[in-house]
2 protein chains.
Amino acid sequence: MAGVSDAVVSYTLNGRAPVAPATAERVREAIRTLGYRPNHTARALKSGSSGAIALIAPRGEDPAFTNPFFTEFAATAEDLARRRGFAFYMASYALDRETVVDRLQEFADRQVDGALIIPDDRRDRRSVAAIDAVGVPWVQVDTVDPIPGASTVGADLYRGGVDATTHLADHGHRRIGYVGHVGDEPRHRAWQDTCRRLGLDPGPALPARFTREGGYAAASRMVRAGDLPPALFAASDLVALGVLRAFHEAGVAVPDDVALVSFDGSWEAEYSWPALTSVRQPIEEMADAALTQLLAADSADSSEPTDPPDAADGLEASDGLAQRHRRERHSVFPGRLVLRASCGTH
Amino acid sequence: MAGVSDAVVSYTLNGRAPVAPATAERVREAIRTLGYRPNHTARALKSGSSGAIALIAPRGEDPAFTNPFFTEFAATAEDLARRRGFAFYMASYALDRETVVDRLQEFADRQVDGALIIPDDRRDRRSVAAIDAVGVPWVQVDTVDPIPGASTVGADLYRGGVDATTHLADHGHRRIGYVGHVGDEPRHRAWQDTCRRLGLDPGPALPARFTREGGYAAASRMVRAGDLPPALFAASDLVALGVLRAFHEAGVAVPDDVALVSFDGSWEAEYSWPALTSVRQPIEEMADAALTQLLAADSADSSEPTDPPDAADGLEASDGLAQRHRRERHSVFPGRLVLRASCGTH
DNA sequence: ATGAAAGCGCTAACAT
DNA sequence: ATGTTAGCGCTTTCAT
């Protein structure tokens, strides 16, 4: 219709070759009136890239994305990816029946340009090698510790734990408890270290899965044991919500009997009763960094390793390897304590 | 490696032509050892179908999928779609900045086989024609009323509203209020009709958007007006959560001062305080019906209209047109009242 | 039962 | 600045 070859249409659309302004206008005109849309499938077949980025998230045991933190992250990442000109699709996995690799393969078969991966709550020990084998650039978000050989992004859980515990201590509580993952978990260590450093009596530490049910079960145990600390740090909003329910049922008043601070700062924390004081996850920063790292890894695939990446955002893990392998980058961002009613100081 | 042409590999994989058992085995063997994966992009280019289904959901004004009902629906639909052998991807839209059609186009450019569309809260008046123009089979879920020319699935909101109101009336409340969309909204009409039918005094009807904030604002107004009915029907869990917060702040006890029943039955309703009695959405049935209708529309595209579809599930809208156009089908499923603490009868 | 060959809609050399 | 051509990895006639 514009009287040109298909190549020229491609040139006008992608700017990979010069096109006379007049021709370009004719082409665009034709595109408009014809309602032409480039077939991304064909484009992907030819170029190996589909202009899409995927997010792969865990679904937990429940038949839902029960964690508002994930949905907030997903929405934010989607927005940022689109702003960078990528389509953004999401799929989820239930660890019992399927794996991250299954989902990633599906996306790979459709030529996605990269994937953001959220690991499962349950310390999912996937091998970096298996994911790498799929051949799609990827970045793991919501990461606790750096993973050798992988590009990762996470919140500074340790520092968040220190902030939460310190806040409680600052307001006079001499005994502070903990609910959440225990052991090799930064928030747990942060609570321990802070109590020790401030010479506080560490209250009970109750192991709990990062779910509402986990928090409920743990707090119920606490109530039955009759050992209620005057202050409590819950390692996630979901856990805190479960704790709140158990306390309500037992007639334990928050914050009067027990002051509560949690972690995540999702919107659910705002509409609970009482509203939760919580360390807000740096969602936007993490999403942005993840995308940046993903896209950097992408371009690094084709070009020779030249300069180290401009270490812009986040506190780079000062890992000597980061220079050699662009993929091995770990960015960490601090959270921010949001004061609401549950800590009793607001 | 198997010593056969690429055509035979295709035959083995897709069964579109007979393959000798021995050859098939050699091919599969080669596929295994080579780790070969068919390129869905090429397949889609050739066949026009990528074996993927999309879900397009609204994101609301907040930077998140704030409605747990949607995330539950998404997870369920994803599961069911995979069981039927389709990959399932999800994308969302923020009505202020983008449209369903934008997202659908992106998916169409990548040859999805069909799309499930969740309309926006805000009575989003999209034209069926614009969506149809994209050329991808689609089904609208979470639909209030049938849409001429479209295939739709929804919950029986009217009946749910009747059940909720009746439950409150059954337990002695002679005056019942309402919070939610008003006017042309089945739950509102159901509340009105039921109050009238039972000779009850309809309490205040407060218009509210289907968000936590909407419920909070409406209930705050109610408190300020000093007109608290002994019982209240909130048209969604989100609204009820907002109501709960306003009541807590004002020292209004639920269910003692006001008995509350809501609609959706999402998990958030279970961990609020008090836990919400709610009409549970028939999520699984809706997701299954939506997929069935989508896939039926799909095959109807190619084949001549023959027999009417086996009207299996749901109460078919007895619309004479449904026979002529397979796409025009509206399935409605009843919800189920789940008793918890907020209604005070449990 | 299997192979040869064409073509899906693009992009990228390579001409001109 | 634009056209010609080849080819991305499949599926599908059409032969054999």
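Per chain, numbering begins at 1; letters A, B, ... match sequence-line order. Just so we're clear, the structure is a prediction, and the values are computed from it rather than from any experiment.
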*Asks:* For R32(A), is there an ion pair with E29(A) - N to carboxylate O distance below 4.0 angstrom?
*Replies:* yes
*Asks:* Rounded to 10°, tell me the angle between the two end axes of the helix from dA1(C)-dT16(D) to dT16(C)-dA1(D), each built from five pairs.
*Replies:*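 Between the axes fitted at each end of the helix from dA1(C)-dT16(D) to dT16(C)-dA1(D) lies an angle of 40°.
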*Asks:* E106(B) versus D102(B): any side-chain heavy-atom pair under 4.5 Å?
*Replies:* no
*Asks:* The side chain of V19(A) lies closest to which of these nucleotides: dT2(D), dG3(C), dA1(C)?
*Replies:*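 Of dT2(D), dG3(C), dA1(C), dT2(D) is nearest to the side chain of V19(A).
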*Asks:* What pairs of donor and acceptor atoms, side-chain ones from residues 2-10 of chain A against any protein atom, are under 3.5 angstrom apart with sequence neighbours left out?
*Replies:*
residue, atom, partner, partner atom, Å
S5(A), OG, A7(A), N, 3.4
S10(A), OG, N14(A), ND2, 3.4

*Asks:* Do the side chains of D113(B) and L294(B) get nearer than 4.5 Å, heavy atoms only?
*Replies:* no
*Asks:* Would you say R84(A) and D288(A) make side-chain contact, with heavy atoms under 4.5 Å?
*Replies:*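 Yes. Closest side-chain heavy atoms under 4.5 Å.
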*Asks:* Suppose we call two aromatic rings close when their centres sit under 6.0 Å apart. Are F107(B) and Y89(B) close by that rule?
*Replies:*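 Not under 6.0 Å, so no.
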*Asks:* Any side-chain heavy-atom pair from R329(B) and V139(B) closer than 4.5 angstrom?
*Replies:*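 When only atoms from C-beta onward are counted, V139(B) and R329(B) do not touch, as no gap falls below 4.5 Å.
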*Asks:* Generate the contact string for nucleotides 6-13 of chain D. Rules: B means base contact, S means sugar-phosphate contact only, - means no protein heavy atom under 4.0 Å.
*Replies:* -BBBSBBB
*Asks:* Are Y11(A) and V27(A) close enough that some pair of their side-chain heavy atoms sits under 4.5 Å apart?
*Replies:* no
